[in-house]
Structures are given as C-alpha cells and as structure tokens.
Amino acid sequence: MSIIECGNVGYSYDLGVTKVLWDISLNIEKGDIVAVLGHNGSGKSTLIKHFNALLKLQEGRITVADIEINNETNVWELRRRIGVVFQNPDNQFVASAVEDDVAFGPENYQVPRDEIGEKTRQALSRVGMNGYEKRLTHTLSGGQKQRVALAGVLAMDPDILVFDEATSMLDPEGRRELLDYIKELNEESNKTIVMVTHYVEECYIANKVMLMKEGRLLKAGEPRDILGDEELLLSSGLRPPIATQIYLELKKRGIELDCCPLTEEELVESICRLS
Ligand SMILES: Nc1ncnc2c1ncn2[C@@H]1O[C@H](COP(=O)(O)OP(=O)(O)OP(=O)(O)O)[C@@H](O)[C@H]1O
Ligand SMILES: [Mg+2]
C-alpha cells in the first residue's frame, strides 16, 4: 500500500521563472526506508517540504497517508501522521527550553497532561539527551540541537518520519547511532522512513533509493542497482560508496565478488567468500 504518492509534481520559488522540481512521480510504500539521494540543490528538500504541506503544491498531486496535502483543512491531521526532522534544527525550535520544545507537539495535539512529561522524557532519553531538559536550545551544539529536534518528532509518534540530512551535524558515532535507530524504528514499529541525504554511504539502510538530479527524479530502484551504477552516479555529481568502488575496481580487473557491497562489512564478507 502506498503511503506517499506523488504524481507529476512541479515547483518553482519564483512564480514559474525557474523551475526547481520537474514532473516528479513516485510512490513510497508503508514500511519502506527510502533514501532520497542527490547533489546539493537537486531539489530534495523542496520535494519533502511538500509532504507536510510546508510548501504549497503548484503542479501535480500528492497524497500522504491518503490525505490530500493541498487541502488546508487537512494540515492538522497531516502533521500528526508525518514528522520531519529538518536540515537546520534552528528553524525547527518553537520553545527556548529543551523540554518545552519537545512537549510542544503533544501539547498541541491534546495529549493528556500527565502523559506529556513521560513522552518528553522518553523521547529525550532515546536520543541520548536526558539531563538537558532545562537547557536553552540556543546554547546547544549543532549535533545536540539535531537530537532535540528528533526528540520533538519522536514525542509525536508519527507513522512516517522524514529526515532531511538529519545526520549532517552529528559526529561519525552519532551518525551511525542515528542510522541504527532509524532502522530499529522501521523494523520494530513499522514506521515508514524517508531519509534525504547526499551521503551515498548512508543508503545501505534503505530498501529503495530515489536519485534526484536538477529537480528531476533520475532513477528509483534497489540500493545496489543505483549505487552500483558508477556512470549514473557520476552523471549526478556523486560517487559510489568506497566499498562499492572497490568492488567495481576489482570487477574491472577480472575479480568478480558474489554481491555488490554497500558497506565495508559487506565488502570484507564477500572477499572472504572468494576462494
Ligand atoms: N527558499 C528558496 N527560495 C528560492 N530558491 C530556493 C529556495 N530554497 C531552495 N531554492 C532553490 O531550489 C533548488 C533546490 O533546492 P533544495 O534546497 O530543494 O535542494 P537540496 O537537494 O535539498 O540541496 P542540499 O543538498 O543543498 O540541501 C536550488 O536551486 C535552490 O537554490
Ligand atoms: Mg536540502
């Protein structure tokens, strides 16, 4: 069942002078982890800002969880079903203290008072930010801000979570932890995940990759089909992950591994199977 459907979506920020999205049609199924991959400026954020009606639909049609996003009466329900962690967390905070910010969503959606404190604590603890409840958001580091923004979305428990470069301010360990957590949310709670990224290395957790270039959806498919296609990636200003590059290089030299690896672990495993 498709949980997000886009048909022929187009968008321009300047009344049609420069189009930044062209004829985008895609389906995201319930329980998918989709990586929206593309170079800077390829239109990834513009696309996903439509999903929770932050941008007004200009061309085409979008439904999210069967909700028409261009009907303003639906926005309230829409934002309960889909949570977005934005690229720049500063734009996401609504309250100055961490705990008030995380509690803002549940408070607005009439979650009973006595449950809000618990939900806030749980969400902050999940992102490793317990103890920071009283801190002011503007005094946090970039990575800490990103974690608090994520807690704010988790406290709402939406069916669909969208991460717009949500790892950009995290250190390698924090990045890995978040990716593991995204996978866990998907596997254990059947959340649908859309992760926007220009890091090819992060796509290994996805079951589908949508490659964007200059406002168009260039290709959608299995991660190995997209990331193993060096020519396709190079034409979009990207390179395959290191492990995949080594696989492709070995192949050129006549050494064929039994699968196209996306991570170093997968590469090591397939080399060990060579004999
Ligand atoms: N608020 C805005 N006003 C005018 N143009 C914009 C605005 N936001 C984005 N654009 C333009 O739209 C195009 C797509 O930008 P978008 O932010 O969607 O790309 P992106 O793929 O998310 O890039 P990045 O990887 O850098 O985040 C770019 O050419 C950008 O300059
Ligand atoms: Mg962006």
Side-chain angles (χ1 to χ4, degrees), residues 4-26 28 33-62 64 69-70 75 79 82-93 142-143 145-147 149-150 152-153 160-172 174-175 178-179 182 193-206 208-221 223 226-227 229 232-241:
I4 299 180
E5 291 184 24
C6 297
N8 311 106
V9 174
Y11 192 80
S12 134
Y13 284 98
D14 51 10
L15 303 170
V17 181
T18 341
K19 269 184 82 166
V20 297
L21 290 183
W22 298 79
D23 200 25
I24 306 257
S25 295
L26 56 87
I28 294 175
I33 302 186
V34 171
V36 178
L37 178 67
H39 197 252
N40 292 135
S42 57
K44 308 179 295 295
S45 297
T46 305
L47 174 66
I48 60 105
K49 280 180 185 162
H50 282 83
F51 294 169
N52 69 344
L54 265 186
L55 290 179
K56 203 165 161 41
L57 191 64
Q58 294 175 348
E59 260 176 50
R61 182 164 177 244
I62 302 183
V64 172
I69 62 124
N70 57 345
V75 170
R79 292 192 184 158
I82 182 164
V84 185
V85 183
F86 290 102
Q87 197 161 7
N88 180 354
D90 285 328
N91 297 339
Q92 192 152 2
F93 296 130
K145 285 178 184 171
Q146 228 161 24
R147 287 167 192 259
L150 172 60
V153 168
I160 310 163
L161 288 113
V162 181
F163 296 89
D164 189 354
E165 314 263 4
T167 64
S168 58
M169 293 187 184
L170 302 182
D171 50 32
R175 184 171 288 191
L178 179 60
L179 291 174
I182 291 176
I193 310 282
V194 180
M195 45 181 278
V196 170
T197 184
H198 57 259
Y199 293 112
V200 286
E201 287 79 11
E202 295 188 345
C203 294
Y204 73 93
I205 67 161
K208 201 187 278 176
V209 174
M210 296 185 175
L211 179 64
M212 292 192 59
K213 181 188 177 188
E214 294 167 3
R216 297 175 198 272
L217 178 61
L218 201 57
K219 194 170 178 189
I226 307 269
L227 299 174
D229 189 338
L232 177 75
L233 286 186
L234 288 176
S235 77
S236 322
L238 299 166
R239 277 174 201 282

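Numbering of ligands and ligand atoms starts at 1, following listing order.
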*Specify whether the nearest protein heavy atom to atom 24 (P) of ligand 1 is under 4.0 angstrom away.*
yes
_Taking Ser12's backbone N and O only, do any of them form a donor-acceptor pair with Gln58's side chain (distance below 3.5 Å, no angle check)?_
yes
_Polar atom proximity, Gly43 to ligand 1 (N or O, under 3.5 Å)_ = yes
_Has Ser25 got a side-chain atom pairing as donor or acceptor with Asn8's backbone, closer than 3.5 angstrom?_
yes
*Under-4.0 Å heavy-atom contact between protein and atom 30 (C) of ligand 1*: no
*Within Ser45, is some N, O or S atom less than 2.8 Å away from the Mg ion (ligand 2)?*
yes
*Before signing off on this row, confirm whether Gly38 and ligand 1 have an N or O atom pair separated by under 3.5 Å.*
no
*If hydrogens are left out, which of Ile48, Asn40, Asp164 has an atom nearest to atom 26 (O) of ligand 1, that is, the closest non-hydrogen atom?*
Asn40
*asked:* Distance check, rounded to the nearest 0.5 Å: Leu55 atom CG versus Tyr13 atom OH?
replied: 5.0 Å
*Can you tell me if an N/O/S atom from Asn40 lies under 2.8 Å from the Mg ion (ligand 2)?*
no
*Hey, is His39 touching ligand 1 through its side chain, its backbone, both or neither, going by heavy atoms under 4.0 Å?*
backbone
*What do you reckon, does Glu165 put a non-hydrogen atom under 4.0 Å from ligand 1?*
yes
*For His39, does its backbone N or O pair with a side-chain atom of Lys44 as donor and acceptor, under 3.5 Å?*
yes
*Can you find a pair of side-chain heavy atoms, one from Val200 and one from Leu37, that are under 4.5 Å apart?*
yes
*Does Thr197 reach the main-chain N or O of Tyr199 with its side chain, forming a donor-acceptor pair under 3.5 Å?*
yes
*For ligand 1, the portion of Thr46 having any non-hydrogen atom under 4.0 Å away*: both
*Between Lys145 (side chain) and Asp90 (backbone), is there a donor-acceptor pair under 3.5 Å?*
no
